[in-house]
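Just so you know, ligand 1 is whichever comes first in the structure, and atom 1 is the first atom listed for that ligand.
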Amino acid sequence: MMKKLVIDDLFAQTLEGKEILKGINLTIKQPEMHVVMGPNGGGKSTLAMVLMGHPGYKITRGKISLNGKDITNLSPDKRARLGLFLGFQYPVEVPGVNFSNFLRMAVNEERKKGDKLSPIAFRNLLLDKAGQLSVSEDIVKRMLNEGFSGGEKKKAEILQLALLKPTFAVLDEPDSGLDVDALKYIAKTINSLDFPLGLLLITHYQRILHYLKPDFVHILLNGKIVKSGKAVLAKQIENSGYEHLKYEKP
Ligand code: ADP
Ligand code: MG
């Protein structure tokens with residue numbers, strides 16, 4: 001069966017009843033790369049949160065399915081077990097969690113008995129991946145995200161993605177707060193993943209799109225996708241901005 005993440009007529013609001021997503025339709029097939037762009041406040045992060053099952057939002061209409069299974073009401077950890085990965089716009093710190101142990105447990109959870117990585121085998125794998133990402137050995141040994149700069153958090157997150165090999169990933173502004181070198185590393189890692197990934201990449205800026213070639217680009221404005229197209233749409237937006245889309249019928 002073709003692996004796909006399907007968002008069907010999705011409406012969502014905050015717990016206080018503020019409607020944010022107003023009918024989102026989007027299908028991502030593995031291994032497509034979709035980019036969702038839009039102005040601040042349009043609902044991009046809310047879409048990422050709702051896809052991951054964040055308890056701060058409620059879905060009032062529509063559904064989300066992953067490889068044919070309805071996941072609309074599943075808990076975040078069940079979604080993760082089904083192969084959905086979420087990278088946050090502002091990754092949170094997890095005090096007291098050792099980054100390396102955390103990752104090894106997460107990676108081993110996906111592996112069959114007898115195929116589990118020993119601490120040494122995992123360390124070699126991790127340092128190899130970290131080297132590709134230019135994440136220093138020191139960082140790997142430090143606590144998960146604790147005391148990391150914004151750029152280091154983003155790199156650590158992409159490293160998690162590369163190791164966990166999810167089937168689908170939602171990355172919310174993996175480019176925000178990064179200098180050009182860090183941005184290139186993030187893009188390079190995404191481009192060189194050694195497994196098929198369906199990717200929904202959310203971004204406010206087109207900068208990262210100078211290094212990535214999405215299959216589709218969607219513009220999210222005021223809780224709705226108002227325009228979809230190929231990668232060239234991002235170029236058009238770069239030239240014309242979002243403003244004129246407000247007056248264009250979808
Ligand atoms: P984007 O990521 O595109 O900038 P967001 O999804 O963060 O947009 O926010 C969309 C709108 O919803 C904004 O007006 C924001 O203030 C509002 N919003 C998001 N989350 C909440 C929340 N938990 N409570 C109240 N308003 C929220
Ligand atoms: Mg956001």
Side-chain angles (χ1 to χ4, degrees), residues 5 7-26 28 33-64 71-73 75-76 79 84-93 145 148-151 153-158 161 168-178 182-183 186-187 190 199-209 212 214 216-229 233-234 236-238 240-248 250:
L5 174 66
I7 305 166
D8 180 21
D9 194 32
L10 191 70
F11 284 70
Q13 49 182 240
T14 64
L15 299 182
E16 295 79 40
K18 178 180 175 187
E19 187 162 79
I20 303 176
L21 301 183
K22 302 166 186 171
I24 303 279
N25 290 291
L26 196 58
I28 300 167
M33 185 191 303
H34 290 241
V35 165
V36 167
M37 310 179 67
N40 284 326
K44 301 185 300 298
S45 290
T46 301
L47 176 61
M49 302 283 197
V50 167
L51 285 175
M52 217 51 210
H54 193 285
Y57 300 88
K58 59 179 181 242
I59 292 172
T60 52
R61 206 168 108 190
K63 82 174 205 185
I64 307 164
I71 62 163
T72 317
N73 298 307
S75 63
R79 294 176 198 219
L84 191 58
F85 177 97
L86 179 69
F88 294 101
Q89 183 172 358
Y90 306 106
V92 287
E93 296 188 356
N145 290 343
F148 282 15
S149 71
K153 284 183 192 176
K154 299 281 185 185
K155 281 187 176 179
E157 207 170 65
I158 292 291
L161 171 71
F168 287 91
V170 180
L171 298 178
D172 189 9
E173 299 205 19
D175 47 348
S176 75
L178 297 188
L183 186 73
I186 299 272
I190 291 174
L199 178 60
L200 175 59
L201 188 133
I202 294 170
T203 183
H204 175 67
Y205 300 101
Q206 21 271 318
R207 212 167 52 129
I208 196 169
L209 300 179
L212 293 174
F216 299 97
V217 171
H218 312 275
I219 311 300
L220 180 62
L221 201 71
N222 194 20
K224 284 190 203 123
I225 288 174
V226 297
K227 207 172 172 87
S228 294
L233 178 57
Q236 292 163 1
I237 295 295
E238 185 160 24
S240 60
Y242 296 117
E243 206 50 36
H244 73 287
L245 288 169
K246 292 178 184 169
Y247 310 103
E248 217 174 79

Hey, which atoms in ligand 1 end up nearer than 4.0 Å to a heavy atom of [X]?
| X | answer |
| --- | --- |
| K18 | 12 (O), 14 (O), 16 (O), 17 (C), 26 (N) |
| K44 | 1 (P), 2 (O), 3 (O), 4 (O), 6 (O), 8 (O) |
| T46 | 5 (P), 6 (O), 9 (O), 19 (C) |
| P39 | 3 (O) |
| Y57 | 19 (C), 20 (N), 21 (C), 23 (N) |
| S45 | 1 (P), 2 (O), 6 (O), 7 (O) |

Please determine if [X] has a nitrogen or oxygen closer than 3.5 Å to a nitrogen or oxygen of ligand 1.
| X | value |
| --- | --- |
| I20 | no |
| T14 | no |
| G42 | yes |

- prompt: Under 4.5 Å between any side-chain heavy atoms of M52 and V170, yes or no?
  reply: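 No, side chains not in contact.
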task: Please tell me if the side chains of L209 and E238 come closer than 4.5 Å, counting only heavy atoms from C-beta onward.
output: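 In short, these two side chains do not touch, never coming nearer than 4.5 Å.
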query: Does the side chain to side chain contact (heavy atoms under 4.5 Å, CB included) test come out yes or no for L199 and V35, once each step is laid out?
result: CA-CA 8 Å; L199 178 60; V35 165; over 6 Å; no
- prompt: Got an N, O or S from S45 under 2.8 Å of the Mg ion (ligand 2)?
  reply: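 It does; at least one qualifying atom falls short of 2.8 Å.
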task: Look at K44 together with D172 and state whether they make a salt bridge at an N to O cut-off of under 4.0 Å.
output: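 Looking at K44 and D172, the cut-off is not met.
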- prompt: Does atom NZ of K58 have more than 12 heavy-atom neighbours, drawn from other residues, nucleotides or ligands, at distances under 6.0 Å?
  reply: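 Count over threshold, so yes.
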message: Please verify the inter-ring angle class for H218 with H34; under 30° counts as parallel, over 60° as perpendicular, anything in between as tilted.
response: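 Judged by the thresholds at 30° and 60°, the geometry between H218 and H34 is parallel.
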query: Which residue from G41, G38, A48 reaches closest to atom 1 (P) of ligand 1 through any of its heavy atoms?
result: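 Selected option, by shortest heavy-atom distance: G41.
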- prompt: Of the non-hydrogen atoms in R79 and L51, which two are nearest, and what is the gap between them?
  reply: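 Nearest pair, atom of R79 first, then L51: NH1-O, 2.8 Å.
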- request: List for me each residue that meets side chain to side chain contact (heavy atoms under 4.5 Å, CB included) alongside N222, sequence neighbours excluded, and say none if there are none.
  value: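 Scan of N222 (side chain to side chain contact (heavy atoms under 4.5 Å, CB included), adjacent residues dropped) gives K22.
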